[in-house]
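Residue numbers start at 1 and run along the sequence shown.
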Amino acid sequence: MPSLTTRFLAAAYAFVLAVTPALAHHSLALYNMTNPVTVKGVVTRLEWTNPHAHLYVNVKDGKGNVEEWTIEMDRPDFLIHNGWTSSTVKPGDLVICTGGPAKTGARIMRCTTVQLANGEKLRS
């Protein structure tokens, strides 16, 4: 039977391996949070999931072409604390989202606020 020290070290190592991926996904390094952008469009779907909710919005570009943007928001419990429910927005709703765009130029943003069609602004 392994010694108490060996079992403790094995448990500590397993804990570090389990926690490392959880810490990595919270980085904002992919987004340009110092130069926020705003997009206005129609909701196609909402994924109310951990670790982050995602809103998908069809946005017209300068030429009138429709582009789907992925709007990454915070986790559902944070959103609930800020007035959200899983049915706050539905497909077909018009929203205005502001946040840090992807540094790669992809149509993805880390959202900070969402303005609903009724003018209400919610932190996201």
Chemist: Rounded to the nearest 0.5 Å, what separates atom CZ in Arg123 from atom CH2 in Trp84?
Modeler: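 It comes to 12.5 Å.
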
Chemist: Atom CG of Leu30 and atom OG1 of Thr104: how far apart are they, to the nearest 0.5 Å?
Modeler: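 Output value for this atom pair is 8.0 Å.
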
Chemist: Could you walk me through whether Glu68 and Arg45 satisfy the side chain to side chain contact (heavy atoms under 4.5 Å, CB included) test, starting with their C-alpha distance in whole Å, then the side-chain angles of each, then the deciding distance to 0.1 Å, before giving a yes or no?
Modeler: CA-CA 11 Å; Glu68 184 178 65; Arg45 70 185 189 276; 3.6 Å; yes

Chemist: Assigning hydrophobic clusters by single linkage (Ile, Leu, Val, Met, Phe, Trp, Tyr; side-chain heavy-atom cutoff under 4.5 Å), is Ile108 placed with Leu28?
Modeler: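 Result: yes, single cluster for both.
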
Chemist: Could you state the interatomic distance from OH (Tyr56) to CD (Glu47), rounded to the nearest 0.5 Å?
Modeler: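 The CD atom of Glu47 is 3.5 Å from OH of Tyr56, to the nearest 0.5 Å.
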
Chemist: Once salt bridge (Lys or Arg N to Asp or Glu O under 4.0 Å) is applied, do any residues pair with Asp61, and if so which ones, sequence neighbours excluded?
Modeler: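 Counting only residues at least two positions away or on another chain, Asp61 forms no salt bridge (Lys or Arg N to Asp or Glu O under 4.0 Å).
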
Chemist: Would you check if the side chain of Trp48 reaches a backbone N or O of His54 as a donor-acceptor pair within less than 3.5 Å?
Modeler: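 No, because the side chain of Trp48 does not come within donor-acceptor range (under 3.5 Å) of the backbone of His54.
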
Chemist: Over all heavy atoms of both residues, which pair between Leu79 and Ala53 is shortest? Give the atoms and the distance, please.
Modeler: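 Looking at all heavy atoms of both residues, the shortest contact is CD1-CB, 3.7 Å.
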
Chemist: Give the intermediate values and the outcome of side chain to side chain contact (heavy atoms under 4.5 Å, CB included) for residues Thr98 and Val37.
Modeler: CA-CA 6 Å; Thr98 302; Val37 297; over 6 Å; no

Chemist: Under the side chain to side chain donor-acceptor pair (under 3.5 Å) definition, can you give me all pairs with a residue in residues 113-122, not counting sequence neighbours?
Modeler: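 Every candidate side chain to side chain donor-acceptor pair (under 3.5 Å) pair involving residues 113-122 fails, so no pair, neighbours aside, qualifies.
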
Chemist: Are Val42 and Val89 grouped together when hydrophobic residues (ILVMFWY) are joined by side-chain heavy atoms under 4.5 angstrom apart?
Modeler: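 Result: no, two separate clusters.
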
Chemist: Within the side chain of Lys103, is there an N or O that forms a donor-acceptor pair under 3.5 Å with the backbone of Ala29?
Modeler: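 Between the backbone of Ala29 and the side chain of Lys103 there is a qualifying donor-acceptor contact (under 3.5 Å).
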
Chemist: Let's go through Val39 and Met109 carefully: what are the C-alpha distance in whole Å and the side-chain angles of both, what is the deciding distance for side chain to side chain contact (heavy atoms under 4.5 Å, CB included) to 0.1 Å, and is it a yes or a no?
Modeler: CA-CA 10 Å; Val39 296; Met109 81 161 51; 3.8 Å; yes

Chemist: Taking atom OG of Ser86 and atom CD1 of Ile80, what is their separation to the nearest 0.5 Å?
Modeler: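 The distance works out to 7.5 Å.
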
Chemist: Decide yes or no on side chain to side chain contact (heavy atoms under 4.5 Å, CB included) for Val114 and Ile96, but give the supporting numbers first.
Modeler: CA-CA 6 Å; Val114 174; Ile96 300 172; over 6 Å; no

Chemist: Return the CG to OG1 distance between Asn82 and Thr88, rounded to the nearest 0.5 Å.
Modeler: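 Rounded to the nearest 0.5 Å, the CG-OG1 separation comes out at 11.0 Å.
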
Chemist: With a 3.5 Å distance limit and no angle check, can you tell me whether Thr49 reaches the backbone of His52 through a side-chain donor-acceptor pair?
Modeler: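 Yes, Thr49 side chain to His52 backbone: donor-acceptor pair under 3.5 Å.
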
Chemist: In Å and rounded to the nearest 0.5 Å, what is the CG to CG distance from Leu116 to Leu94?
Modeler: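 One finds 10.0 Å between CG of Leu116 and CG of Leu94.
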
Chemist: Do Trp69 and Leu46 belong together in a cluster built from hydrophobic side chains that touch within less than 4.5 Å?
Modeler: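 Result: yes, single cluster for both.
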
